[in-house]
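In the text below, chain A, chain B and the rest are named by the order of the sequence lines, each starting its count at 1.
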Amino acid sequence: MSDLSFENDPAPRLSREDIARRAAKFLPNNSIVNLGIGIPSLCANYLPTDIDIYYQAETGLLGFKELYPKGKGDPNIMDASGNFPVNIPRLVFFDSIESFNMIRGGHIDITVLGGLQVSGNGDLSNWMIPSRGIGSIGGAMDLAENTPNVIIAMEHTTTKNIPKIVEKCTYPLTSKNCVNLIVTDVAIIEVKYNSDINAKLILRETAPHWKIEDIQKITNTEIFEK
Amino acid sequence: MSDLSFENDPAPRLSREDIARRAAKFLPNNSIVNLGIGIPSLCANYLPTDIDIYYQAETGLLGFKELYPKGKGDPNIMDASGNFPVNIPRLVFFDSIESFNMIRGGHIDITVLGGLQVSGNGDLSNWMIPSRGIGSIGGAMDLAENTPNVIIAMEHTTTKNIPKIVEKCTYPLTSKNCVNLIVTDVAIIEVKYNSDINAKLILRETAPHWKIEDIQKITNTEIFEK
Amino acid sequence: MKNEKLYNSFLDSIKDIKNGSSIMIGGFGGSGGQPTRLMLALRDLGPKNLTIISNVAGISTTTGYGWPENITPIDQGIFFEAGQVKKIICSFPVPGTTKPISEIEKSWKTGNCEVEIIPQGTLVEKIRCAGSGIPAFYTSTGVGTIVSQNKEHRIFNGRKYILEKALPADFSLIRANKSDTFGNLEYIGTSRAFNPAMATASKITIAEVNEIVELGEIDPEKIGTPGVYVNRIVKRKPGDPYP
Amino acid sequence: MKNEKLYNSFLDSIKDIKNGSSIMIGGFGGSGGQPTRLMLALRDLGPKNLTIISNVAGISTTTGYGWPENITPIDQGIFFEAGQVKKIICSFPVPGTTKPISEIEKSWKTGNCEVEIIPQGTLVEKIRCAGSGIPAFYTSTGVGTIVSQNKEHRIFNGRKYILEKALPADFSLIRANKSDTFGNLEYIGTSRAFNPAMATASKITIAEVNEIVELGEIDPEKIGTPGVYVNRIVKRKPGDPYP
């Protein structure tokens with residue numbers, strides 16, 4: 001259950017961990033996956049034991065699994081969140097040129113990223129809050145634009161219950177028409193593309209006791225039954 | 001002395017080995033050098049003992065010196081001429097992407113290449129004889145176009161005494177305005193650029209008993225005293 | 001669990017190569033780094049109208065280029081002899097000598113195939129770009145030569161460059177020393193050459209290797225091609241006479 | 001013979017860095033692969049109006065990003081604190097959190113420096129291009145975002161791309177584990193990051209290393225930066241507390 005609760009909610013929203021657990025179900029065995037900072041990075045904790053993922057990090061790392069607890073580990077084996085993965089005997093190291101050949105070339109199967117806003121046609125904003133005026137792009141634009149399967153794992157609204165799934169993103173964009181799936185604390189929504197740029201949001205799952213009408217109320221663009 | 005001799009020559013032309021020996025004098029200690037096929041590859045045999053060169057080969061090799069005699073050596077350590085260099089403990093290996101980053105990026109100090117024609121303004125033709133209709137470019141265009149110092153080591157004329165130093169190349173070009181020095185069996189000629197594209201040929205040395213007039217007779221463009 | 005990357009037979013590993021496929025063949029030219037067994041399998045499989053992409057091509061059989069003296073060289077000429085090639089894209093298709101005439105030159109002379117000659121650095125960068133999401137780049141190599149004909153010219157910082165486009169293919173046949181079970185490849189010496197670039201640039205990459213080892217048995221600091229790029233792995237028989 | 005690449009002091013190795021110089025700083029962000037001693041020397045030398053080029057920048061001091069817990073982090077913030085920076089070009093200049101505010105954000109807020117944010121893959125490719133004779137390339141990263149503003153757009157195979165130009169610098173400060181006397185560098189793990197690309201892209205490249213060994217003592221299959229790119233080498237003191 002989430003820290004967030006709003007008076008009109010039909011039932012509690014799920015926690016960050018629950019979002020990660022639900023997103024993790026979409027990672028097939030043996031796939032190459034890049035996890036963004038925040039909720040996405042939690043997905044690694046919720047994989048079924050029979051699923052083996054090759055995580056890629058922008059730092060130039062492939063094949064890691066467990067992270068050392070804070071304060072331990074080797075700074076020469078780092079993921080993009082600044083964590084130190086355990087040096088298991090299947091890691092591959094490479095430089096940033098190769099790391100982004102891999103990303104920009106579309107060789108990563110799936111990326112799970114955080115989101116500030118996602119639009120009805122699959123646009124993503126996740127790198128800057130306009131009021132701050134400065135933000136960090138990092139690898140997010142390369143990943144969102146070039147990965148065949150982009151999953152956004154985020155809360156459905158802000159802490160002030162302002163919808164993050166919107167008709168048109170008002171925050172600076174990360175990439176257009178890039179999102180394939182949105183996993184939130186109340187819903188799992190597929191972005192179904194009719195063409196490269198036209199999409200429809202299809203509701204695939206809801207949190208317990210949430211109905212499509214409840215979800216529509218906190219979503220600023222139309223969502224459809226599957 | 002050369003196999004070539006022509007009735008109007010004032011004295012014998014030098015041999016291929018002599019051309020290589022004279023070209024080798026222009027390779028400074030510790031420089032990074034790429035030697036082309038043919039006469040250029042012979043330069044390595046004529047270095048003074050106090051001069052150490054780091055030869056680069058397009059195959060992805062840096063730092064080699066001696067070659068194995070034909071029939072010996074390891075096919076996994078090959079230069080661009082298809083020879084097998086001896087594996088001394090300073091070799092560096094890299095792939096073709098890196099090899100041409102190095103070449104195209106201008107990180108090779110000097111290349112010594114063969115020539116079919118060199119023009120008065122430093123154009124080089126060395127990859128195809130038009131009558132054959134097919135030729136091989138290999139690394140020649142990248143080397144000629146991007147190496148700061150391009151030395152051409154070749155006979156001054158064809159075996160039929162037709163000049164190879166000409167006003168304008170008639171053979172397919174390798175690179176324009178690229179040549180810095182021409183070392184032949186009768187002369188050493190500097191290509192002095194007044195601008196990026198306008199040059200003058202300056203005679204710097206001659207073979208024994210050859211005068212500028214003798215050399216001018218077998219050169220199809222004007223050469224100047226230094 | 002079955003490892004779907006491991007194949008027992010060279011022929012099985014390439015059997016979806018069809019008439020009209022485009023195929024990259026790794027190495028530099030010469031025996032080191034050349035996927036010789038995959039090439040022989042492709043000849044035996046027999047698809048026609050192929051587009052072959054490689055660097056130095058077809059000169060070893062006439063000159064011995066890059067082969068030890070005690071063994072008869074194999075090179076891209078085998079596909080021309082078998083009439084399988086519509087077009088070859090390469091940097092070095094003929095040796096300096098004209099006799100004996102190579103299979104590629106013979107095929108070109110009789111109009112049986114097209115030969116596109118690309119400067120070596122441009123060729124490898126075009127292949128790299130295909131694998132790394134870069135559709136085109138500018139280079140000064142070839143400016144003012146026939147290579148620049150019909151290409152877009154552009155000046156950056158006062159120097160003239162031409163636009164070159166990415167070159168992808170359907171299949172890449174590459175060669176490495178070792179593979180682990182995930183397809184991470186270790187190369188030796190100059191046998192890298194075009195293999196790492198080509199590994200990234202095709203829909204299907206097939207690696208011919210001397211040895212297959214468990215995950216973690218290749219020093220991770222020596223992996224030349226990460227396994228994400230490798231779809232199929234075939235091991236040579238022990239004692240294979242080809243280098 | 002004197003080896004002109006070897007320097008005994010970090011300060012000596014960078015003393016020709018002048019006001020207005022552009023300087024690449026290697027690594028990814030965090031302590032691994034960061035040339036921390038060269039950075040401290042540059043702060044001590046004190047040139048002003050610098051353009052700094054790096055990837056993740058200035059977030060370790062506020063968040064501990066990529067540093068072990070037992071040591072106070074050093075990052076690009078030291079140059080901002082000292083008022084040395086006119087502009088920084090990077091991909092990740094601020095952490096997600098806004099408190100405490102980093103030196104870069106502080107400097108940007110007060111209008112003391114310009115911050116240019118470039119997607120990470122585009123940044124490293126721009127740097128690579130500067131070192132490898134490619135003046136410009138096309139990428140789809142950033143299309144439709146503020147990154148594409150005022151950039152040339154072009155369609156290849158039905159997809160939209162933007163033109164990005166090479167990014168060179170005057171100096172590169174990089175970090176490796178070992179160097180041999182020629183400057184061939186061996187890296188460890190993810191400490192490669194931006195170091196190999198930056199090594200190629202500046203007029204002068206200076207490498208901070210843990211160890212200097214004789215030629216041939218680095219396994220040639222593990223050399224991450226060939227010595228042709230390295231102009232100066234400085235060894236850390238044994239037992240340096242910084243990772």
Winner by heavy-atom pair count (cut-off under 4.5 Å) against chain C, out of [options]:
| options | value |
| --- | --- |
| B:Ala140, B:Ala144, B:Ala80 | B:Ala80 |
| B:Gly71, B:Gly38, B:Gly73 | B:Gly71 |
| B:Gly139, B:Gly60, B:Gly135, B:Pro172 | B:Gly135 |
| B:Ile97, B:Val92, B:Ile77 | B:Ile97 |
| B:Ile134, B:Leu173, B:Leu91, B:Leu61 | B:Ile134 |

Hey, what donor-acceptor pairs show up under 3.5 Å between chain C and chain B?
{"residue": "C:Tyr65", "atom": "OH", "partner": "B:Ala80", "partner atom": "O", "Å": "2.7"}
{"residue": "C:Ser91", "atom": "O", "partner": "B:Ile137", "partner atom": "N", "Å": "3.0"}
{"residue": "C:Ser91", "atom": "O", "partner": "B:Gly138", "partner atom": "N", "Å": "2.8"}
{"residue": "C:Val94", "atom": "N", "partner": "B:Ser136", "partner atom": "OG", "Å": "2.9"}
{"residue": "C:Val94", "atom": "O", "partner": "B:Ser136", "partner atom": "OG", "Å": "2.6"}
{"residue": "C:Pro95", "atom": "O", "partner": "B:Arg132", "partner atom": "NH1", "Å": "3.0"}
{"residue": "C:Pro95", "atom": "O", "partner": "B:Arg132", "partner atom": "NH2", "Å": "3.3"}
{"residue": "C:Gly96", "atom": "O", "partner": "B:Arg132", "partner atom": "NH1", "Å": "3.3"}
{"residue": "C:Thr97", "atom": "O", "partner": "B:Arg132", "partner atom": "NH2", "Å": "3.2"}
{"residue": "C:Glu105", "atom": "OE1", "partner": "B:Arg132", "partner atom": "NH2", "Å": "2.7"}
{"residue": "C:Glu105", "atom": "OE2", "partner": "B:Arg132", "partner atom": "NE", "Å": "2.9"}
{"residue": "C:Gln120", "atom": "N", "partner": "B:Gly138", "partner atom": "O", "Å": "2.9"}
{"residue": "C:Gly121", "atom": "N", "partner": "B:Asp142", "partner atom": "OD2", "Å": "2.8"}
{"residue": "C:Gly121", "atom": "O", "partner": "B:Arg104", "partner atom": "NH1", "Å": "3.3"}
{"residue": "C:Ser140", "atom": "OG", "partner": "B:Asn146", "partner atom": "OD1", "Å": "3.1"}
{"residue": "C:Thr141", "atom": "OG1", "partner": "B:Asp142", "partner atom": "OD1", "Å": "2.9"}
{"residue": "C:Thr141", "atom": "OG1", "partner": "B:Asn146", "partner atom": "ND2", "Å": "3.1"}
{"residue": "C:Arg159", "atom": "NH2", "partner": "B:Glu145", "partner atom": "O", "Å": "3.2"}
{"residue": "C:Arg159", "atom": "NH2", "partner": "B:Glu145", "partner atom": "OE2", "Å": "3.3"}
{"residue": "C:Arg159", "atom": "NH2", "partner": "B:Asn146", "partner atom": "OD1", "Å": "3.2"}
{"residue": "C:Thr190", "atom": "N", "partner": "B:Asn76", "partner atom": "O", "Å": "2.7"}
{"residue": "C:Thr190", "atom": "OG1", "partner": "B:Asn76", "partner atom": "O", "Å": "2.9"}
{"residue": "C:Thr190", "atom": "OG1", "partner": "B:Met78", "partner atom": "N", "Å": "3.0"}
{"residue": "C:Ala193", "atom": "O", "partner": "B:Ser96", "partner atom": "N", "Å": "3.0"}
{"residue": "C:Ala193", "atom": "O", "partner": "B:Ser96", "partner atom": "OG", "Å": "3.2"}
{"residue": "C:Phe194", "atom": "N", "partner": "B:Ser96", "partner atom": "OG", "Å": "3.4"}

Heavy-atom pairs under 4.5 Å with chain B, option from [options] with the top count:
| options | answer |
| --- | --- |
| C:Cys90, C:Gly158, C:Gly121 | C:Gly121 |
| C:Ala57, C:Pro93, C:Ala193 | C:Ala193 |
| C:Ala197, C:Gly27, C:Gly144 | C:Gly144 |
| C:Gly30, C:Gly224, C:Gly29, C:Pro196 | C:Pro196 |
| C:Pro243, C:Pro95, C:Gly33 | C:Pro95 |

inquiry  = Can you give me the closest heavy-atom contact between C:Phe92 and B:Ile37, atom names plus distance?
reply    = CZ-CD1, 4.1 Å

task = Check whether B:Phe84 gets within reach of chain C through its side chain, its backbone, both or neither, counting any heavy atom under 4.5 Å.
result = side chain

Proximal component of [X], with respect to chain B [non-hydrogen, under 4.5 Å]:
| X | result |
| --- | --- |
| C:Val94 | both |
| C:Pro119 | both |
| C:Phe194 | both |

inquiry  = Are there over 12 heavy-atom neighbours, none belonging to B:Ile129, within less than 6.0 Å of that residue's CD1?
reply    = no

ask   = Who pairs with C:Pro238 by side chain to side chain contact (heavy atoms under 4.5 Å, CB included), at least two apart in sequence or on another chain?
value = none

